[in-house]
Structure formats: C-alpha cells, structure tokens
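Data first, discussion second: the structure below is written as structure tokens.
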Amino acid sequence: MVDNFKAFARKVIQLNPQQKYLLAISGGVDSVVMAALFHQSAFRFDFVHCNFRLRGGDSDKDEAFVQALAQSYGVDCIVKSFDTQMYASEQKISIQMAARDLRYAWFEHILQDHQYPGIATAHH
C-alpha cells in the first residue's frame with residue numbers, strides 16, 4: 001500500500017519529496033491513515049488541526065491526540081480553536097458550513113504565512 005501511495009503521490013499529485021507539506025489532521029481514521037502514509041513514504045510534513053469546540057471534552061481529546069501523534073512523528077503541529085457556533089449564528093449558516101469556512105480560510109492563511117506548497121486533507 002505504501003508503494004502504491006508513493007507512486008500515486010509522485011506521479012499523479014506530483015508531490016516533491018524535497019518540500020514540506022501541511023497535513024490537515026482531525027484525529028479521525030482517514031487523516032491518521034493519511035499521516036501514516038506520508039510518514040512511511042518519507043515525505044516531509046507538518047500537521048494542522050482545527051478544534052471547532054463542538055463536542056465538548058471530546059474536541060479537546062482529539063486535539064491532544066493530534067498533538068501527541070505529531071510529537072511521535074517529530075513534526076510541528078499548528079492548532080487553532082474556533083467558536084464555530086457563534087460564527088455560524090453571526091453568518092446565518094449551518095454549523096457544517098461555518099466549520100468549512102473557518103477551516104479553509106485559516107488553511108489559506110497558514111499556506112501564505114509559512115510558505116508550504118500545499119495542504120493535504122483526507123476524506124472518505
């Protein structure tokens with residue numbers, strides 16, 4: 001599986017092994033598997049994690065898990081917490097749309113400020 005991922009990443013997505021990418025890690029299975037594939041493929045990366053504060057203590061547990069995973073891989077982990085419910089209410093949009101807007105606006109900011117060539121997200 002790792003060899004297939006490496007071939008796909010280099011040929012189709014055109015990842016450069018010399019560059020460092022940003023991985024959006026939620027703490028769910030999809031993003032954790034993505035992180036493992038990047039790590040096992042020897043691609044360079046850092047983590048970014050959004051804490052939307054929507055699930056009480058479970059949101060904080062996800063954040064702690066992602067930070068521990070980053071530490072185990074020896075990578076940086078950039079974390080930001082959002083008041084997603086307030087933003088959704090102010091914008092008169094759903095929680096899901098609010099989280100999406102907040103996430104992608106922040107990701108764009110990070111890409112510009114830190115000069116990462118791209119961000120990888122995992123969705124099933």
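Quantities reported herein were computed from a predicted structural model and do not represent experimental measurements.
- His49 meets the ring-ring contact (aromatic ring centres under 6.0 Å, His included) test with no other residue; sequence neighbours excluded.
- Within the structure, salt bridge (charged side-chain N to carboxylate O under 4.0 Å, His left out) pairs that include any residue of residues 68-95 do not occur (at least two apart or interchain).
- Using a 4.5 Å heavy-atom cutoff, the side chains of Val75 and Cys77 are not in contact.
- Using modelled atom types, one side-chain atom of Ser41 and one backbone atom of Leu37 make a donor-acceptor pair closer than 3.5 Å.
- For the pair Phe65/Val32, a side-chain contact is recorded, criterion being any heavy-atom separation below 4.5 Å from C-beta on.
- Here the side chain of Ser72 pairs a donor or acceptor atom with the backbone of Leu69 at under 3.5 angstrom.
- Scanning for ring-ring contact (aromatic ring centres under 6.0 Å, His included) contacts around Tyr21 gives an empty result, with sequence neighbours left out.
- For Gln40, the side chain to side chain contact (heavy atoms under 4.5 Å, CB included) partners two or more places apart in sequence, or in a different chain, are Val2, Ala36.
- Take Gln112 and apply the side-chain hydrogen bond (donor to acceptor under 3.5 Å, both in side chains) test, not counting sequence neighbours, and it matches Glu108.
- Every side-chain hydrogen bond (donor to acceptor under 3.5 Å, both in side chains) that His109 has, sequence neighbours left out, goes to Asp113.
- In this view, Asn4 satisfies the side chain to side chain contact (heavy atoms under 4.5 Å, CB included) rule with no residue, not counting sequence neighbours.
- The side-chain hydrogen bond (donor to acceptor under 3.5 Å, both in side chains) search around Ser31 returns Ser26, not counting sequence neighbours.
- Under the rule for a salt bridge (charged side-chain N to carboxylate O under 4.0 Å, His left out), the partners of Arg53 that lie at least two apart in sequence or sit in another chain are Asp60.
- Note that the CZ atom of Arg100 and the SG atom of Cys50 stand 12.5 Å from one another [nearest 0.5 Å].
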task = Show your reasoning for whether ring-ring contact (aromatic ring centres under 6.0 Å, His included) applies to Phe5 and Phe38.
result = CA-CA 9 Å; Phe5 174 76; Phe38 266 77; 5.4 Å; yes

key: Steps toward side-chain contact (heavy atoms from CB on, under 4.5 Å) verdict (Met34, Ile25)   = CA-CA 9 Å; Met34 175 182 68; Ile25 306 296; 3.9 Å; yes

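- Atoms CZ and CD, from Phe45 and Gln19 in turn, are 15.5 Å apart once rounded to the nearest 0.5 Å.
- Within the 4.5 Å cutoff, no side-chain heavy atoms of Asp101 are placed close to those of Gln91.
- For residues 19-29, the set of pairs meeting the salt bridge (charged side-chain N to carboxylate O under 4.0 Å, His left out) definition, not counting sequence neighbours, comprises Lys20-Asp46.
- Hydrophobic cluster membership for Trp106: Leu22, Val48, Phe52, Leu54, Ile78, Phe82, Tyr87, Ile93, Ile95, Met97, Leu102, Tyr104, Phe107, Ile110, Leu111, Tyr116, Ile119 (Ile, Leu, Val, Met, Phe, Trp, Tyr linked by side-chain heavy atoms under 4.5 Å, directly or transitively).
- With Leu23 as the partner, the side chain to side chain contact (heavy atoms under 4.5 Å, CB included) test is satisfied by one option alone out of Phe47, Tyr73, Phe43: Phe47.
- Between Arg44 atom CZ and Asn16 atom CG the span is 9.5 Å, to the nearest 0.5 Å.
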